[in-house]
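Here is the structure we will look at, set down as structure tokens.
Position 1 is the first residue of the sequence, and the numbers go up from there. Model, not experiment: these values are computed from the prediction.
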Amino acid sequence: MFILKAPFSSTGDQPQAIAALTKGVLEGKKDQVLLGVTGSGKTFTVANVIRNLNLPTLIISHNKTLAGQIYQEMREFFPDNAVSYFVSYYDFYQPEAYIPQSDTYIDKEAQINEQIDKLRLQSTTNILTRKDVVVVASVSCIYNIGSPADYGKYVLEIEVGKPFDLQQSMYRLAQLQYDRSEFDFKRGTFRVRGTEFDVYPAYEDIGYRVSHTGGMVTAIVRFDPLTGKQDASLDKLVIFPAKHFMADPQTIEKAEKEIRKDMEFEVALHKKAGRLVEAQRLSQRVNHDLEMIKEVGYVNGIENYSRYFDGRAEGDPPFSLLHYFRQAYGNKFLVVVDESHMSVPQIRGMFNGDFARKKTLIDFGFRLKAAYDNRPMRFEEFYKIPPNIIYLSATPNEWETARSTVVQQLVRPTGIVDPEVIVRPSKNEVQDLVAEIEKRVKQNQKGKILVTTLTKRIAEDLTEYLKEKGIKATYLHSDIETLERSDILDSLRKNEYDVLIGVNLLREGIDLPEVTLVAILDADKEGFLRSRTALIQTMGRAARNVGGEVIMYADEKTDSMTAAIAEINRRRTYQLAYNKKNNITPQTIIKSIRKRIIEKEEDLDELGNSKQSGYDYLLKGIRKESLTPYDKKKTIKRLEREMKKAAEEMNFEVAILLREKVKELNK
């Protein structure tokens with residue numbers, strides 16, 4: 001049972017959207033679209049739909065940052081339910097690759113973050129053991145993670161009053177990929193202390209202590225691994241695997257025969273074609289992997305042999321997170337695709353990119369052809385699985401709308417309307433823009449202006465030109481590091497700048513209530529950056545302020561411009577009518593400025609310490625050459641603690657930088 005807790009209730013046109021989406025699912029509609037403007041509370045609407053339907057739900061987002069935001073919101077809405085987070089390992093992932101031009105082989109390198117690993121395992125465990133599940137995932141959820149049937153089958157069950165064999169239990173945990181560790185008790189380990197047997201599950205932050213006497217289980221208690229404090233007693237304990245890829249000895253033996261058979265066949269093909277180096281390379285690689293699997297049950301890159309262990313035929317789709325949902329719930333679950341205009345194309349494109357990389361590895365003898373089947377699902381395979389899909393977007397693509405019932409949510413609780421759109425000729429556009437900027441800066445010192453150009457060079461040149469005119473301007477594009485982008489946006493809000501110029505980063509996710517004007521240069525240059533979707537998203541950046549306006553500079557109206565302007569005007573009219581009917585006075589959104597993630601160099605004192613507490617001292621203030629071996633060891637431990645803390649707070653970019661600092665100190 002889903003219990004929704006929120007300090008507010010549905011308002012505006014949220015109630016009708018909730019009712020329509022709920023009814024659509026109950027009527028068995030495969031596809032529905034929630035066309036909701038930014039700021040209308042689409043996430044809260046979805047939470048209400050989940051509560052109404054009481055269905056386990058998978059929410060897919062096109063990037064980790066947005067997925068993290070949704071996860072945090074859903075966790076607040078459903079504090080008593082199983083809300084989980086499933087994204088790819090963030091720390092570092094370099095996929096295996098080969099560059100023929102330079103004869104460069106790049107081995108797979110993955111630094112798995114324990115926190116995200118725990119959340120991933122927690123997601124699959126929740127799915128197999130509970131009904132009140134919401135999993136927020138990135139599009140990586142369509143990748144192969146092993147058979148849900150095998151994962152659910154490989155468990156260790158312990159029950160009070162039942163027989164207990166210590167040796168057999170330890171052997172079972174080893175099969176589940178747990179390690180014995182008497183001194184370093186951490187996730188995915190177990191230890192033995194007299195008549196007590198401790199297990200630290202890979203998917204939880206707590207440990208379990210099993211007491212046994214005379215071959216019988218006498219007690220099971222849950223405890224804090226750090227303090228040892230016990231907080232609950234249990235009658236039964238079920239431990240799930242520490243990894244998603246599992247196989248028993250019989251399966252491994254059968255798979256080994258099939259792998260060797262395919263290896264011999266493919267080695268012979270390479271030799272027949274005169275590729276002797278490739279033949280030797282493939283034979284050496286596969287034999288090494290088989291020896292590792294036989295000895296320890298695991299090898300780096302074991303997923304490339306997953307078809308053999310899963311019992312899949314060549315070309316069969318991989319087992320993904322969606323298969324766990326289907327395994328546990330049949331056709332009784334819901335899938336929500338957030339920002340579908342971005343997520344759906346991304347799901348479509350993932351297979352092709354993976355196939356191209358694998359093809360090179362296989363052609364040059366680094367992998368068997370079975371590696372092709374360790375892949376993301378094709379879009380057609382993905383689409384077949386969910387019984388019901390709800391697409392969320394302010395600008396859904398034609399693919400979604402053509403096959404779906406479209407439910408609209410156009411009212412913002414704040415009463416803010418979409419901006420008024422003005423089209424002006426591109427002749428003398430820069431001079432006109434300068435005049436508009438100067439006028440607004442003079443009228444409202446806190447009002448900010450966003451300008452979008454078609455290229456990075458134009459953005460940089462225009463910034464320099466505005467600076468020469470005495471205007472506080474800066475630019476934002478993909479060459480600027482992610483963390484610096486956040487600092488630039490904060491600086492804009494703090495009045496250090498009045499104008500921000502960008503290319504394609506001023507679309508989704510930029511929440512700046514101070515923006516009173518969005519100027520779009522070369523709006524009539526039809527293409528990706530000036531498509532209907534891009535224009536609507538860009539114009540939406542001015543929909544946080546009651547004085548928001550949009551100026552498009554164009555010599556002619558393209559079809560995209562006409563469609564985008566018509567849609568913005570439709571939404572504007574709808575909100576104005578709602579405000580009038582309900583006597584609502586629009587109010588600009590008030591949003592506090594978050595503390596800077598990383599302090600700047602000038603915020604360090606003369607000793608290199610941070611004047612403000614933060615991560616900057618760890619990243620810039622620590623000098624490797626000034627550390628003794630003892631200090632270096634202590635510093636690395638501190639960095640690793642802060643890295644984990646940053647990951648828990650969803651500051652993945654910070655965590656990556658901290659990891660790089662650890663690498664630097666370890667050299």
[X] to [Y] - nearest heavy-atom pair and separation:
X: Val139; Y: Ser343; result: CG1-O, 4.3 Å
X: Lys384; Y: Lys30; result: O-NZ, 3.9 Å
X: Leu35; Y: Ala394; result: CD2-O, 4.0 Å
X: Ile127; Y: Ala328; result: O-CB, 3.3 Å
X: Asn48; Y: Leu4; result: OD1-CD2, 3.5 Å
X: Thr558; Y: Asp524; result: CG2-O, 3.2 Å

Judged by atom type as modelled, is there a donor-acceptor pair below 3.5 Å linking the side chain of [X] to the main-chain atoms of [Y]?
X: Asn81; Y: Ile3; result: yes
X: Asn388; Y: Lys29; result: yes
X: Gln16; Y: Asp13; result: yes
X: Ser404; Y: Ala402; result: no
X: Tyr324; Y: Ser123; result: no
X: Ser340; Y: Val337; result: no
X: Gln14; Y: Thr11; result: yes

Among pairs that include at least one residue of residues 525-537, which meet salt bridge (Lys or Arg N to Asp or Glu O under 4.0 Å), considering only residues two or more places apart or in two chains? Asp522-Lys525
Report, as yes or no, whether the 6.0 Å neighbourhood of atom [atom1] on [X] holds more than 12 heavy atoms from other residues, nucleotides or ligands.
X: Tyr105; atom1: OH; result: yes
X: Lys23; atom1: NZ; result: no
X: Glu27; atom1: CD; result: yes
X: Asp559; atom1: CG; result: no

Set out, in order, the CA-CA distance, both residues' side-chain angles and the distance that settles side-chain hydrogen bond (donor to acceptor under 3.5 Å, both in side chains) for Ser138 and Ser140, then state yes or no. CA-CA 5 Å; Ser138 63; Ser140 63; 2.7 Å; yes
Check whether the side chains of [X] and [Y] place a donor and an acceptor atom closer than 3.5 Å, and report yes or no.
X: Arg572; Y: Asn569; value: no
X: Thr533; Y: His341; value: no
X: Arg570; Y: Tyr574; value: no
X: Gln32; Y: Thr405; value: no
X: Ser84; Y: Asn126; value: yes
X: Thr45; Y: Gln409; value: yes
X: Tyr308; Y: Asp262; value: yes
X: Ser306; Y: Asn144; value: yes

[atom1] of [X] to [atom2] of [Y]: how many Å apart, nearest 0.5 Å?
X: Thr124; Y: Gln327; atom1: OG1; atom2: CD; value: 12.0 Å
X: His244; Y: Asp150; atom1: NE2; atom2: CG; value: 12.5 Å
X: Ser560; Y: Phe528; atom1: OG; atom2: CZ; value: 12.0 Å
X: Asn304; Y: Ile259; atom1: CG; atom2: CD1; value: 10.5 Å
X: Arg357; Y: Ile362; atom1: CZ; atom2: CD1; value: 10.0 Å
X: Asp354; Y: Met377; atom1: CG; atom2: CE; value: 13.0 Å

Between the side chains of [Y] and [X], is the shortest nitrogen-to-carboxylate-oxygen separation below 4.0 Å, so that they form an ion pair?
X: Asp316; Y: Arg307; answer: no
X: Glu567; Y: Arg571; answer: yes
X: Asp289; Y: Arg367; answer: yes
X: Arg412; Y: Asp418; answer: yes
X: Asp338; Y: Lys42; answer: no
X: Arg285; Y: Glu96; answer: yes

Between [X] and [Y], is the ring centre distance below 6.0 Å?
X: Phe379; Y: Phe351; result: no
X: Tyr151; Y: Phe319; result: no
X: Phe366; Y: Tyr98; result: yes

Would you please test Gln575 and Val37 for side-chain contact (heavy atoms from CB on, under 4.5 Å) and show each step? CA-CA 11 Å; Gln575 180 80 57; Val37 297; 5.7 Å; no
Would you kindly check if the NZ (Lys) or CZ (Arg) of Arg403 is within the cone defined by 45 degrees around the ring axis of Tyr383 and under 6.0 Å from the six-membered ring centre? yes
Cation-pi check, Arg51 onto Phe2 ring (under 6.0 Å, within 45° of axis): no
Should [X] and [Y] count as side-chain neighbours, where that means a heavy-atom distance under 4.5 Å?
X: Phe240; Y: Leu121; answer: no
X: Val133; Y: Thr57; answer: no
X: Ile60; Y: Leu58; answer: yes
X: Val135; Y: Phe325; answer: yes
X: Ile568; Y: Leu535; answer: no
X: Lys5; Y: Asp80; answer: yes
X: Met350; Y: Tyr143; answer: yes
X: Ile385; Y: Phe333; answer: yes

Would Glu256 and Lys261 count as a salt bridge (charged side-chain N to carboxylate O under 4.0 Å, His left out) if you check the C-alpha gap in whole Å, the side-chain angles of each, and the deciding distance to 0.1 Å? CA-CA 9 Å; Glu256 182 183 0; Lys261 182 180 176 182; over 6 Å; no
For Ile50 and Val134, what are the C-alpha separation, side-chain angles and deciding distance, and is it a side-chain contact (heavy atoms from CB on, under 4.5 Å)? CA-CA 9 Å; Ile50 294 171; Val134 176; 4.3 Å; yes
What is the ring orientation for Phe77 with Phe44, classed by angle as parallel under 30°, tilted 30 to 60°, or perpendicular over 60°?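 Ring orientation of Phe77 relative to Phe44: tilted.
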Test side-chain contact (heavy atoms from CB on, under 4.5 Å) on Met552 and Met539; report intermediate values, then the result. CA-CA 10 Å; Met552 287 183 166; Met539 289 190 285; 3.6 Å; yes
